[in-house]
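Report on the following structure.
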Amino acid sequence: MSASFTIDGKAVPFAEGQTIIQAALAAGVYIPHLCHHPEFKPHGSCKLCTVRISGRQSASCTTLAQAGMAVESDTPALNDERRTLTQMLFVEGNHFCPSCEKSGNCKLQATAYDLGMMTAHFDHFFPSRPVDASHPDVLLDFNRCILCSLCVRASRDVDGKNAFALSGRGIKTHLIVNAKSGRLADTDVTLQDKAVRVCPVGVFLRKDRGFNVPIGRRVFDLKPVSAYVDATAALAKE
Amino acid sequence: MRHQLETAENPASLRRIAIDTVSRVEGHGKVTILLDERNQVHQVRLHIVEFRGFERFIQGRPYWEVPVTVQRLCGICPVSHHLAASKALDQVVGATQLTPTALKIRRLMHYGQILQSHALHFFYLASPDLLFGFDSDLSRRNIVGIAAAEPQTAKRGVLLRKFGQEVIRVTAGKRVHGTGAIPGGVNKAVTPEERALLLADIYRIVGWSRDAVHLIKQLHAQNPSLYNSFGVCRSNTMSLVGTGGELDFYHGSLRARDANGGILFDGVDYCDYSQHIQEEVKPWSYMKFPFLVAFGKRNGWYKVGPLARVQNCDHIPTPLAEIERREFVDYCGGLPTHAPLAYHWARMIEMLHAAETIKDLLHDDDIVGQDLLRSGVRATAGIGVIEAPRGTLIHHYRVDEDDLVTMCNLIVSTTHNNQAMNEAIRQVASRYLQGRELTEGLLNHIEVAIRCFDPCLSCATHALGQMPLALELVDAEGRLVHALARNGDGSFACAAD
């Protein structure tokens, strides 16, 4: 019998070396997350997956599961904090869901719905972030970046192109294209790259399609993000 | 024409009423009236404090977002903007001809929208004035009053609108602000189940629409002197007509007539709209004043919308609506009517036509086809024109080689009717205001004239008769004599020195 721990009282088995979120998702237990992706190493930046373990809070994507640990996740207090983090992500960028073609297929939007976020609460930053439309097949809309760095990791670790990076510090951190000109057209990124397909929000848009999935058939039209055993896999099919 | 009431001869002696709010066109209107010491009317203006901004903030965005973004201009007839933008961007993606299924789904969406918007306006917003009287008890002059006094009429109004909304949901994915039309076609097929759902109700909808025409016809017959003279403003008219001169809300060429019905131009490719229409900017209004270039600013203004369309076309291509059109034309004695209240009659004829067209489209097997998209040689500009519920709607875009919008020009229906609405309220003010103290009933006379046009200052007329409206009486010395304001919650505030 494998070792196990509990999340909100439910027993979750785990294998040696698994993080809490890896074991949870494998067991069908949803923990909100944005920067975590099952195919990539833990990153621990969005903090939405923060859980409470023996009175201490910790990111479940960077904490190894241990036998017998009692993890609290779906609690009002933790969900309040997750909602606040989500609100902060919304106001730091320009997330205009009504005109975004990722609406319905966006993890940030789906997570906000799932957490019961009704307003952005905080003052919007309204940053000026021009889009990069230089590439013939891919459009970059930096307005929607939540700094999960999945594209950075995918381009570096999977595509072997190192085409993206996070630049700046603190609140000025932002996604850049790793080219001398700063333009996507001057990289060797292609539509087939993992980096193009891994974005959980709407930064990477294919130019050959727009709003091609009708309302009602989008991933999160069908069920909320918390009801997916693996929302990442469902989004990857789009 | 009453241009002399647009600007008083001695405006310097009058206090200028400043507009100090910026809000969207929906829901915010202001009428100012300037009087001399004998309470004679010198100036009447309808101000629409219009902040649109879409032309600017769509710049730099990818073109495929446009149909979804610009429809947010309006919550009442977003489908019009959605489809006008899609038509323009069809040209950009080289879809010179849509698939039969895509074209018919778009038409179905649009005629569903005409049906719901016209039903909303007539039953919810206009019928309380028409059924109870302009000066009737304010407390019942609303849709709730209609529901109490005429429950069948109110119920039909609600269900007619609901049906139109269902047509939009089936074709666009949502009742409001869907995504059905995309450059080159549509993203959603109509399923056999959805078709059957709509077919189950459409015959009843056609019947009720026909009854609505008969209702407004009766009202005209009961009080012809009022209906034929209230706020009359003679002008040119303009609309799209189909290739055979028929009424067509989705596509066609531009036709304009003079006030007597003579053709000014016909068969004009709407892509050449800028050669025929220009817009004048007046310092006192945030809304431009379009005019037909060939006839100049003073004489080139025109009306659009149901009254223009029904009189501009040669025929209506559905049988019941065509019968009603002929009766309407006969009633007017063969010459165009310019009575704003006749807009309601024309609007109901159009609603009947929309219902009949929806029925025909639902019986067409192409409507459940699966061939939805076309593309071709890319272009850098596109112009889409459509007949929205309130009139001709023009969308014009330029797109750069990176797929980003570089220019957007929108001329919306209410803008075309700007001068006509001003003229109508000048006529009403001249007739009903002279030497009289302002009352709520007077305010409503002004509002009734504006409401005939169903303007998309709209939520105005789309707020259950509670559009924020300020009516101000200023004497020759510039003093505010009397003011009456209707707040957004329907309450009134009076002020007088």
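Everything quoted here is computed from the prediction, not taken from an experiment. Order of the sequence lines fixes the chain letters, A, B, ..., with proteins taken first and strands second; residue numbering starts at 1 for each chain.
For A:F96, the CZ atom is densely surrounded, since the number of other residues' heavy atoms within 6.0 Å is greater than 12.
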Task: Test side chain to side chain contact (heavy atoms under 4.5 Å, CB included) applied to A:F90 and A:L108, step by step - done: CA-CA 8 Å; A:F90 266 90; A:L108 178 66; 3.5 Å; yes

Task: Check against side chain to side chain contact (heavy atoms under 4.5 Å, CB included), A:Y30 and A:V225 - done: CA-CA 9 Å; A:Y30 173 73; A:V225 64; 3.4 Å; yes

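Counting heavy atoms from C-beta outward, B:I202 and B:F163 have side chains that approach closer than 4.5 Å.
Closest approach of A:C61 and A:I21 over heavy atoms only: CA-CG2, 3.6 Å. When all heavy atoms are compared, the tightest approach of A:T62 to A:P42 is CG2-CB, 4.0 Å. The minimum heavy-atom distance linking A:F164 with A:A195 is given by the pair CE1-CB, 3.9 Å. Nearest heavy atom pair, residue A:P98 against residue B:V68, reads O-CG1, 3.2 Å.
Counting heavy-atom pairs closer than 4.5 Å to chain A, the top residue among B:V186, B:V66, B:L404 is B:L404. In terms of heavy-atom pairs under 4.5 Å with chain B, the best-connected choice from A:G210, A:P136, A:C100, A:P214 is A:P214.
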Which atom pairs, one donor and one acceptor, sit under 3.5 Å between chain A and chain B?
{"from": "A:E101", "atom 1": "OE2", "to": "B:W64", "atom 2": "NE1", "distance (Å)": "2.5"}
{"from": "A:D141", "atom 1": "OD2", "to": "B:R61", "atom 2": "NH1", "distance (Å)": "3.0"}
{"from": "A:D141", "atom 1": "OD2", "to": "B:R61", "atom 2": "NH2", "distance (Å)": "2.5"}
{"from": "A:R144", "atom 1": "NH2", "to": "B:E65", "atom 2": "OE2", "distance (Å)": "3.0"}
{"from": "A:K207", "atom 1": "NZ", "to": "B:D402", "atom 2": "O", "distance (Å)": "3.1"}
{"from": "A:F211", "atom 1": "O", "to": "B:N187", "atom 2": "ND2", "distance (Å)": "2.8"}

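Within residues 77-86 of chain A, no residue has any heavy atom closer than 4.5 Å to a heavy atom of chain B.
Checked by atom type and distance alone, the side chain of A:K223 never pairs as donor or acceptor with a backbone atom of A:F220 at under 3.5 Å. With hydrogens and angles ignored, the 3.5 Å screen pairs a side-chain donor or acceptor of A:H174 with a backbone N or O of A:K172.
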